[in-house]
Each structure stands twice: as structure tokens, then as C-alpha cells.
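Data block below; observations after.
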Amino acid sequence: MVKISIVGTGYVGLVTGACFAEVGHQVICVDNDLKKVETLQAGGIPIYEPGLEEMVKRNVANGRLRFTGKIADGVNNSEVIFIAVPTPPKPNGDVDMSFVERVAREIAGAMMEYKIVVDKSTVPVKTGEKVGATIKRYNKHKVDFDVISNPEFLREGCAVQDLMQPDRVVIGVGGPRPVAKMKEVYTPFNAPIIVTDINSAELIKHACNSFLALKISYTNALSVICEASGANISDVVHGMGLDKRIGRAFLNAGLGYGGSCFPKDLSAFVHIAEALGYEFRLLKEVQQINADQIQLFLKKVHDTLWIVKDKTIGVLGLAFKPNTDDMRLAPSLEVIRPLQKEGAKIRAYDPKAMEKAREVLPGVEFCDDAYAVATGADALIICTEWDEFRQLDLEKLRSVMNQPIVLDGRNLYDPQKMTELGFVYKSIGR
Ligand code: UGA
């Protein structure tokens, strides 16, 4: 058992804290939002993530997980302190590191004996050096410490599973002293543990997210060629994905990547490279292809409907991906807003994200289910591939629509079947 504290109870901090407690560690989650601390301690979960609520409740009840607003409480009751605060983008795409810096100072002021300080937030390469220098400067009681980089690879929607069964754990260290303790933290997860220098560990994170985004944009670029040539992107990626060197994951064509990670991390990585004297043109193109994907889809809407003004358009799926209620940089926003601007009447449904969507999509009429969205609609647009949309009674759906037009941004249905059912059906690259 390792005594752990985690500063920041956002997505990464909360799921990490719960999973550490689940495998038997003693965990304190620290947050300066006292209302959030109170809610969490009482078993309330501010985000939707499958399996998380039960896990938090279970571990609060068995005493292995607790929440506090006081950083000194966390620091002085743990051996290893994780920093898991946001690193949001600045308007120029650079990374705002002020939360990490502030937490490093606060930890430094509270430490009374040797501590291992671990950065879990996604940060630019060389942050470990800066965090180390900051802690040294504000080290009130002049105690020993080590700084470590331990990037997180969890995906929203399957975060608990990703954390409990990781493909690998990356630990970037400046020397051998903290390695044994970090291995003790991660041994219960039965995953390969890679020990590197700090800069390499930090780079691995940006390198992974950028590579995954590259796979998506590559597929989306291929989908354009498929449409132009009459080929089918689903068959093409099936044929590609069986090559073990390529793999099938992240080869789904669609409206492109969104969310709080890929768009931000690609911009950050382009900036980091620039600061190091390298123009990362490849990643700039990945970003451009991603942006183009929305424009191509909107063109498809116009080509099909001709005039959008005064049409009732139903939207199925709002979250940036299935199994989450996260609306941050969701492609649905970029599809809906221009159509609203042109005078379309938008109706929408999402299984989990409607509450958050209401805050960012004024003027949209939110419905109770997919059939209510379709009723009287001149077209249906699919923005998120929720499983429940795969189970819809398509005949019923068609019968309630004003016009049987489906524009599918996530390739949910079989084009031939949709045509047989009487739909005008357009998807991506097929
Ligand atoms: C991503 C990474 O997958 C995680 O490993 C990483 O830890 C996380 O960012 C992070 O940096 O914190 P996440 O953004 O939660 O995770 O979600 P993904 O499943 O990676 O999906 C990202 C976007 O790509 C979504 O908009 C999704 O719809 C899109 N996508 C994904 C595609 O368009 N096609 C695909 O084939 C796969």
C-alpha cells in the first residue's frame, strides 16, 4: 500500500484517485473547489464516466479514498503526490502552465519531509525541469524531493478500464531513487512499466496523441478519395487494419476528432516543436484535414437540402464521442452553429450530454429520444456514434420524418440497407 495524494479532481485526477484506491492504496484527492470536494465526499460525481460512481462510493465507504480542500493535508499524509490540474490552451495554441506552477509552489511550501512529486497532467517537454526548479525555490522546509513525469493515457468514456488495464505505464525519472516506490504504485495494475528520462516521458504523451490524430486525419483524407473514386472507406480500413503493423484502431472516418485532448495537444505540440526550432508541418496538415472534414460535411448538407433556411434538422448525438457527456470541442457544435446561423431549426438528442449541451447550444430544441427528434424533420444528422442509435427501428424513424434524409457523420448504418428502406442516405467515404 502506498500513501498517495492527487492534486486536481478533474477527469484525470478523479479517475486516477479512484483506481489507485481500488487496488488498495490510501488516496487523498485535493481540490481547491470546496463545493466539489463536499459533493465528492458525499458520493456525487460531477462527470459521467461508466463505472466511476460506484468505484468512488465503494472506496470512500471503505476509507481508502477521501477528498480535501487543503493541499497541506494531502501533502503531509502521503509519500507520492500527483499533480493532475488542467493545462488549457492559450489563445495562440500555446499551453497555459500557470495551474501546474501554482500547485508546485503550494506543494513546496507544505512539504515537511522527502516527497515524490509526479506530474500527470499533459505538459510540454521540459516541464519536469521547471517544476523541479520551482519546488526547489519555494521549498520552505528545505526537504529532499524527486520530480517524476507519469503521463496519463486514459480515454474518456472508458477511463476506468483504461486505467485499471493500461497498455503500459510510463515513468520518467531524473535518477534511480523514486523508481521502486513508483513501481509499488503501479505493480497492482499488471502492465509493462517503462522507465525513461523525464523529457522522454513527457514527449511520449504528445507523440501518442498526435500519432492517433494523424491516423484519424489520414483516414479522413482517404475517405475523400474513396468518395471521389467510388471506393468504400469501411472496406479500405478493414483491409488496412488487418496489417498488424497498422492496426484497425483509430481508423474510423467521420466528422474528425474533438474533445479536450487531441485539438489542444496537437496545437501544443506544434508550438513546442516551433520553440525547439522545428516546424511540424505534418501535424499542421493533420489539423487542417480535421477542420476540412466539417466543411466537407456541411457541403454535403447543402448539396442534399439545397436551401437550409427554415428547414427542420434533427441532430442525433452531441457529445464529442460516445459514452461521455463531454461537449468540449465537440464536432456537433461546428455542424449545428453554422446551420442555425443560416436559419435552420435544430432539434437534438444525446443520451448523456444534453444538460451540458444546453449551456453551449442556445436556440436548439432538445428532445427526449431519437424518434422525437426525427418527427417532422426535413433531415437527420448523426454527429456521435452512440450504440443506442445502432439499435433504432429505422422504418419507424423514416415513417415519422417529413423527408427521409439521413446525413451520417459517423458511418453508423449500412448504405445499401438504408437505400432499400427508402432513405436518401449519405455518409463519409462510402
Ligand atoms: C485521447 C487519447 O485517446 C487518450 O489516450 C489520452 O489519454 C487522452 O486523449 C488525453 O490526452 O487525456 P479522448 O480524447 O478521451 O482520449 O478520446 P479518444 O477516444 O481518443 O477520441 C478522440 C476523438 O477522436 C473523438 O472526437 C473521436 O470521435 C475521434 N476519433 C477517434 C475518430 O474520429 N476516429 C477514430 O477512429 C477514433
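Read the numbers this way: they start at 1 and go in the same order the structure lists the ligands and their atoms.
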Below 6.0 angstrom between ring centroids: does that apply to F269 and F280? yes
Distance-only polar pair, side chains of S427 and D408, donor-acceptor under 3.5 Å: no
Could you go through ligand 1 and note, for every N or O atom, any protein N or O atom closer than 3.5 angstrom, writing the atom names and distance to 0.1 Å, or 'none'?
from     : atom 1 : to   : atom 2 : distance (Å)
ligand 1 : 5 (O)  : F153 : O      : 2.8
ligand 1 : 7 (O)  : E152 : O      : 3.3
ligand 1 : 7 (O)  : F153 : O      : 3.2
ligand 1 : 7 (O)  : L154 : N      : 3.2
ligand 1 : 7 (O)  : L154 : O      : 2.7
ligand 1 : 7 (O)  : K205 : NZ     : 3.4
ligand 1 : 11 (O) : K205 : NZ     : 2.8
ligand 1 : 11 (O) : N209 : ND2    : 2.7
ligand 1 : 15 (O) : E156 : N      : 2.7
ligand 1 : 17 (O) : K321 : NZ     : 3.1
ligand 1 : 19 (O) : K321 : NZ     : 2.7
ligand 1 : 26 (O) : G258 : N      : 2.9
ligand 1 : 26 (O) : F320 : O      : 3.2
ligand 1 : 34 (N) : N252 : O      : 3.1
ligand 1 : 36 (O) : L251 : N      : 3.4
ligand 1 : 36 (O) : N252 : N      : 2.8

Report, as yes or no, whether the 6.0 Å neighbourhood of atom NE2 on H302 holds more than 12 heavy atoms from other residues, nucleotides or ligands. yes
Only one of K181, K115, K3 clears salt bridge (charged side-chain N to carboxylate O under 4.0 Å, His left out) with E79; which? K181
Kindly say whether the aromatic ring centers of F20 and Y186 come within a distance under 6.0 Å. yes
Is the number of heavy atoms from other residues, nucleotides or ligands under 6.0 Å of Y218 OH greater than 12? no
